[in-house]
Amino acid sequence: MSDTYTRLSRSIAGHRALVTGAASGMGRATAHLFAAEGAKVALTDLDQGACEQVAAEIADAGHSGKALPRALDVTDGDAIARTVPQMAEELGGLDILVNNAGFSLPAQLDDDAYPDAWDASIAGMLTAHSRTIRAALPFLRQSEHPRIVNIASTEGLGASPSNSPYVAAKHGVIGLTRGLAVDLGREGITVNCICPGPIHTGITAGISDEHKEIFAKRRVPLRRYGHPEEVAHMTLSLVLPAANYITGTAIPVDGGLTIKNA
Ligand code: NAI
């Protein structure tokens, strides 16, 4: 029967989502896209004003969903334990958690700044994820379509020079994703991660256009940097009700970067 193949929903209208690092780049694009799809989005980042700015953009865009802006520093464990449940209550529950917040602190092992870069990278891009997931879990357990998406990186699959704290954190995100996919699978909670390649966002804003172009032409089969929305669409695909049977994956959205040998 043909309707056998159309019974899984491709809509997140009315679903309740929390996105970290949503004031810029991929987090912002994800918040916009979720709201455009009719979701209610808790939009969090370091700065309350910046969150409100994105929430205002979403309201101005006339999307059917809505945005709830709130400052949340993901390196602050107490703030996570307090704010994630608060926002879930305000949204009336939680179906989707997107761990997106991140930053780049390049350092070589013998740099004076290395120990701090290490601590900050692991705290902000790995420990933070485990904490937000722990705080969100009681609410995700009440959801019909519970979804966790962690934003890792192609630096979670390989490594660039002078970047080992970030590389270690992002490899850790893939490990955390796989471990929790196994543990939470029996409850129907899916846990996936996305490995973006080079994307035009705040993190890469300091790289000149010329260097971006040289890099992309040499390393990326699609020969360009990606756009935040192109990653957000993968995130959306992974949180659909129809994505029921996808868990524990690490999906590159990288223009082909990771498959190119020469
Ligand atoms: P972005 O700089 O545009 O956005 C990152 C957001 O995270 C910012 O709004 C920032 O304020 C927020 N943030 C930083 N520290 C935070 C903290 N302690 N608490 C809460 N929010 C915090 O950069 P982008 O690229 O959109 O970053 C999103 C994710 O994508 C990060 O996890 C990053 O590592 C990852 N990524 C980025 C790539 C790129 O080429 N842009 C490639 C691969 C992964």
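Any value given below was found using the heavy atoms of this structure, including those in side chains, with hydrogens, waters and symmetry copies removed. In each ligand, atom 1 is the first atom listed, and ligand 1 is the first ligand listed.
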With only distance considered, is [X] within less than 3.5 Å of ligand 1 through an N or O on each side?
X: Ile199; answer: yes
X: Thr154; answer: no
X: Met125; answer: no
X: Pro196; answer: no

Heavy-atom pairs closer than 4.0 Å: do any link ligand 1 to the side chain of [X], the backbone, both, or neither?
X: Thr204; answer: side chain
X: Glu155; answer: neither
X: Pro198; answer: backbone
X: Asp47; answer: neither

Check for me whether [X] has a heavy atom closer than 4.0 Å to any atom of ligand 1.
X: His200; result: no
X: Ala152; result: yes
X: Ala22; result: no
X: Thr20; result: no

At what distance is the nearest protein heavy atom to [atom], and which residue and atom is it?
atom: atom 36 (N) of ligand 1; value: Tyr166 OH, 3.5 Å
atom: atom 14 (C) of ligand 1; value: Gly102 O, 3.5 Å
atom: atom 16 (C) of ligand 1; value: Leu46 CG, 3.7 Å
atom: atom 26 (O) of ligand 1; value: Met26 N, 2.9 Å
atom: atom 25 (O) of ligand 1; value: Thr201 OG1, 2.6 Å

Donor-acceptor check, side chain of [X] to backbone of [Y], threshold 3.5 angstrom: yes or no?
X: Asp95; Y: Arg16; result: yes
X: Lys40; Y: Gly92; result: no
X: Ser153; Y: Lys170; result: no
X: Thr132; Y: His129; result: yes

**Prompt:** Hey, what's the ring geometry for His227 with His200, parallel, tilted or perpendicular (30° and 60° as the breaks)?
**Reply:**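 His227 and His200: parallel rings.
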
His145 and His15 aromatic ring geometry - parallel, tilted or perpendicular at 30°/60° bounds:
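Aromatic pair His15/His145 classed parallel.
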
